[in-house]
Amino acid sequence: MLLEARDVVMAFGAFRAVAGASLDVAEGDIVGLIGPNGAGKSTFFNCLAGDLVPTEGRVTFDGIDVTHLSAERHASLGIGRTFQVPATFEDMTVLENVMVGAFLRHPHRNDAEQVARRVVAATGMEAQSDLRARTLGTPGRKRLEIARVFATGPKLMLLDEALAGLTPSEIQRAMALVRDIHGSGIALVIVEHIMEVILTLAHRVLVFNQGHVIASGDPARVVKEPAVIEAYLGRAHVRRAGAAP
Amino acid sequence: MRWGPVALIVVLLAYPFLLQGPFYEDLGVLVLLSAISASAWNIVGGFAGQVSVGHAMFFGAGAYMPLLVYQLWQLPPVVGAPLGVAVSLAIAVLIGTPTLRLKGHYFSMATIAVAELVRLVVGNWDLLGAAIGIMGPARPRGWWDLTFRSAVPYYYLFLAVLALVLGATWWLQRSRMGYYLRAIRAGERPARSLGVPVSRYKLYALMLSASFTSAAGSLYAFKTGFIDPESGLGILVSVQMIITAALGGAGTLFGPLLGALILVPLQTATNTWFGGSGSGVTYILYGGIIMLLARFEPGGLLVLYGRLRGGALRAWRRHAA
Amino acid sequence: MVLLQVVVGGLLLGAVYALFSSGLTLIWGMMNFINFAHGEFVMLGMYAALLTVVWLHGGPAVFGLTAAVALFLLGVVIYFGLIRQVMRGPMLAQILSTFGLALLLRYLAFWIFSPNFVTLPKTSLAGSVNLGGILLAVPQLVSGLVAVTLTLAMHLTLTRTTIGSRLLAVAEDRQAAMLMGIRPDRMQSIAWGLAAASAGVAGALMATAYPFSPSVGETFALTAFVVVTLGGFGSVPGAMLAGLIVGLIQALSAYYFGPIYKDVVVYGLFVALLWFRPQGLLGKL
């Protein structure tokens with residue numbers, strides 16, 4: 001098991017954003033995290049990534065307890081993540097952004113540059129290598145974030161709404177990229193609102209609502225569960241959708 | 001072959017022969033000193049984006065130690081220079097660790113306060129000359145006292161140190177540390193997510209910057225042979241570094257040098273024109289320049305130049321098309 | 001008895017600190033922005049008082065008002081001319097902007113007014129009173145009391161009036177405030193005006209009691225920083241409390257350790273606060 005999260009609780013004062021969530025990710029898995037806004041997905045995500053230290057619970061990666069380790073340690077151990085609102089290094093070029101990622105495993109500048117160039121080419125951004133990140137649009141920035149974290153050589157990538165705000169054709173392109181990345185042996189945990197993406201890509205899905213995991217399993221089956229429909233649309237729609245599977 | 005930098009190097013090397021006489025020699029020395037301190041500040045303030053407004057404490061440490069070892073033990077001031085660096089490094093580690101944790105404005109305020117504390121303490125410490133200060137060798141006992149009558153030997157000494165600082169900065173820019181510092185400046189959270197040990201690198205940057213700033217302070221002590229809390233540890237020392245670096249371009253290699261090339265002659269000119277109240281007018285100008293810079297082109301002149309050139313190029317292309 | 005006098009004197013001065021710090025903390029709370037020129041606003045208030053007395057022969061009420069109005073306008077102008085644009089820029093620009101302003105104002109004052117320390121010509125506030133055995137100079141006493149009143153007034157304005165709640169709304173959540181039709185720009189400019197005005201009045205008050213020169217701005221700025229940090233960034237009640245505490249600590253340090261040490265203790269406290277309890281006593285971080 002690559003990543004194990006057990007009974008993670010994230011409390012801010014009296015408010016429990018995540019009220020006991022567990023997750024298993026094996027090598028080669030693609031796990032989707034879905035749920036309405038404010039359900040606790042992103043908070044849980046940040047706990048996995050090391051941005052937040054859970055109030056309770058444990059996160060283990062590759063056999064190592066990473067619960068209380070810093071975000072940078074998470075990254076060096078092989079957990080990479082992207083941000084919901086792209087956080088590219090605006091005044092640095094595309095290549096330089098990716099180089100920052102590459103430097104993690106390649107301390108020497110020439111090696112890092114080579115690796116970065118390869119990643120930039122592999123993610124289809126070669127033409128924009130020398131453009132500053134701030135000149136890219138949202139799709140470009142999201143792609144750059146993925147390229148940049150890919151250059152850190154992760155074993156697991158946490159993608160936070162990497163496809164949000166993209167047009168249908170951009171979504172197709174992005175999904176192809178995500179598949180390529182998965183193909184190179186990286187496990188994925190994806191937070192997404194776009195059902196098509198989840199249904200197509202994810203092997204398994206966890207549904208969050210109000211800090212709890214209310215359903216998990218095969219995507220196609222899970223989205224028809226009454227509890228899930230209720231979480232998104234309210235009880236009335238459950239009745240209208242008819243009973244279960 | 002890029003002619004600009006080559007021409008610059010030639011001019012810098014030949015300057016004392018191009019413009020002769022004590023006035024120009026002194027001016028040259030002052031420009032170099034300003035460029036060294038500003039370039040030193042640039043490492044942590046420009047590249048890493050940690051706007052320290054208390055760098056005077058490092059400059060002061062570098063300036064006080066040489067004169068102190070002379071006064072106490074009659075040693076050549078140059079012996080005190082590495083001691084100054086050691087003290088500065090100690091301050092950087094001691095102060096830096098808790099202070100670099102602070103964000104943006106908090107960090108800057110903390111650096112001001114700490115530097116002021118240091119100034120107050122030194123200004124009341126008799127061993128360090130209190131408010132009166134410390135003097136260096138009135139007459140040199142040999143070349144090792146670094147007390148020259150003419151400014152020319154100082155010029156070349158300072159030029160060598162500037163070359164060292166710029167060389168280190170150039171290497172830094174290309175290295176992992178440089179990229180990590182720029183990433184930290186651009187966004188600490190994403191930097192962390194890529195494995196950048198943010199706190200550690202900020203401290204490294206501060207330590208490197210502090211060492212070079214201390215060297216600048218030592219050079220100042222060699223040249224002027226005198227230091228007191230105002231000239232060594234006053235807030236204007238810190239401000240001078242920042243504005244020089246920012247004017248030319250904080251975070252660029254040659255920005256601080258460019259800033260020095262503009263501001264030092266400017267300061268000399270206003271001092272001459274306005275006589276006694278001259279230094280006051282200089283700071284009125286400085287204040288105005290800083291505000292304009294902040295308002296219109298925080299990247300400094302080098303960035304402005306790049307933008308104008310790009311704009312002119314685009315306009316030309318449109319015209320030609 | 002002397003100790004009591006020192007304590008009361010410290011509290012009275014602390015009240016004035018509270019007055020000029022409350023504006024600074026308001027700006028911080030609204031904009032996450034530190035005005036490095038705040039000390040200069042206080043200094044300008046002192047000189048505004050001087051000019052009013054010398055040119056218009058006004059009494060304390062007049063020059064207090066002049067300082068308030070002049071500085072209010074200055075604050076608004078600075079907001080629209082400089083701060084609004086700089087807020088969108090990089091950190092270096094934000095810090096440099098008010099720093100440059102501080103330099104400009106300070107050295108303009110040096111140039112125009114000369115670096116010598118001056119005092120206000122004798123005003124109606126002169127002499128001293130004996131309150132239960134404690135000898136208090138009238139200017140200090142009046143300054144302190146007026147400062148307390150004005151700071152309280154500011155707090156009440158913020159919490160009890162419409163415009164006050166609008167200002168606080170922007171401080172709390174800019175986006176939400178915008179959605180409710182409040183214009184952050186306008187509110188922020190008012191905050192700047194208020195902050196500058198309170199600094200100016202504080203300066204005018206202090207001018208009645210102490211000699212001043214253009215150099216005093218720097219110390220006041222640092223004092224304001226300490227008060228704001230201790231009281232908690234964004235909290236006016238915090239600034240009130242912290243101002244009194246800082247005034248007290250300063251007075252006691254000077255009394256026990258000597259006048260040199262009053263600044264050392266205060267700055268030391270400041271640095272310790274930033275390291276160990278940046279949210280201060282009552283603030284939100």
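Letters A, B, ... are given to chains in the order of the sequence lines, protein chains preceding strands, and every chain is numbered from 1. Just so you know, these numbers use all the heavy atoms, side chains as well, and skip hydrogens, waters and symmetry mates.
In this structure the side chain of C:V42 never reaches within 4.5 angstrom of the side chain of C:V216, judged on heavy atoms. Counting only heavy atoms from C-beta outward, the side chains of B:F47 and B:R182 approach each other to under 4.5 Å.
Remark: the backbone N or O of C:L92 is not paired with any side-chain donor or acceptor of C:Q94 at under 3.5 angstrom. Distance alone, capped at 3.5 Å, places no donor-acceptor pair between the B:N42 side chain and the B:A38 backbone.
Heavy-atom distances place no part of C:F110 under 4.5 Å from chain B, backbone and side chain included. With a 4.5 Å cut-off on non-hydrogen atoms, C:V264 touches chain B through its backbone and its side chain both. For chain C, no part of B:L285 is nearby; none of its heavy atoms comes within less than 4.5 Å. Interface residue B:R295: backbone and side-chain heavy atoms are both found under 4.5 Å from chain C. Only the side chain of C:L222 comes within contact range of chain B, with heavy atoms under 4.5 Å apart. When heavy atoms are compared at a cutoff of 4.5 Å, C:F36 approaches chain B solely by way of its side chain, counted from C-beta outward.
Remark: B:R307 engages B:E297 in a salt bridge, criterion side-chain N to carboxylate O under 4.0 Å.
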CA sep, side-chain torsions, deciding dist, call: C:W192, C:L74, side chain to side chain contact (heavy atoms under 4.5 Å, CB included): CA-CA 9 Å; C:W192 270 80; C:L74 182 65; over 6 Å; no
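You'll find the ring centres of C:F212 and C:Y47 inside the 6.0 Å limit. You'll find the ring centres of C:F220 and C:H38 outside the 6.0 Å limit.
The greatest number of non-hydrogen atom pairs below 4.5 Å with chain B, out of C:V266, C:I83, C:I34, is found for C:I34. For chain B, the option among C:F270, C:Y267, C:W275 with the highest count of heavy-atom pairs below 4.5 Å is C:W275. For the options C:N32, C:V271, C:I95, C:V86, heavy-atom pairs under 4.5 Å to chain B are most numerous at C:I95. Contact tally against chain C (heavy-atom pairs below 4.5 Å) for B:V121, B:L293, B:L117, B:L102: the top residue is B:L117. Among C:V226, C:T229, C:L82, the residue making the largest number of heavy-atom pairs under 4.5 Å with chain B is C:L82.
Atom CE of C:M43 sits about 7.5 Å away from atom CZ of C:R106, to the nearest 0.5 Å.
The aromatic rings of C:W28 and B:Y106 lie perpendicular to each other, with more than 60° between the two planes, well past the 30° mark.
More than 12 heavy atoms of other residues, nucleotides or ligands lie within 6.0 Å of OH in C:Y255, so this atom counts as buried by the packing criterion.
Residues from residues 236-245 of chain B that place a non-hydrogen atom less than 4.5 Å from a non-hydrogen atom of chain C comprise B:L236, B:V239, B:I242, given in numerical order.
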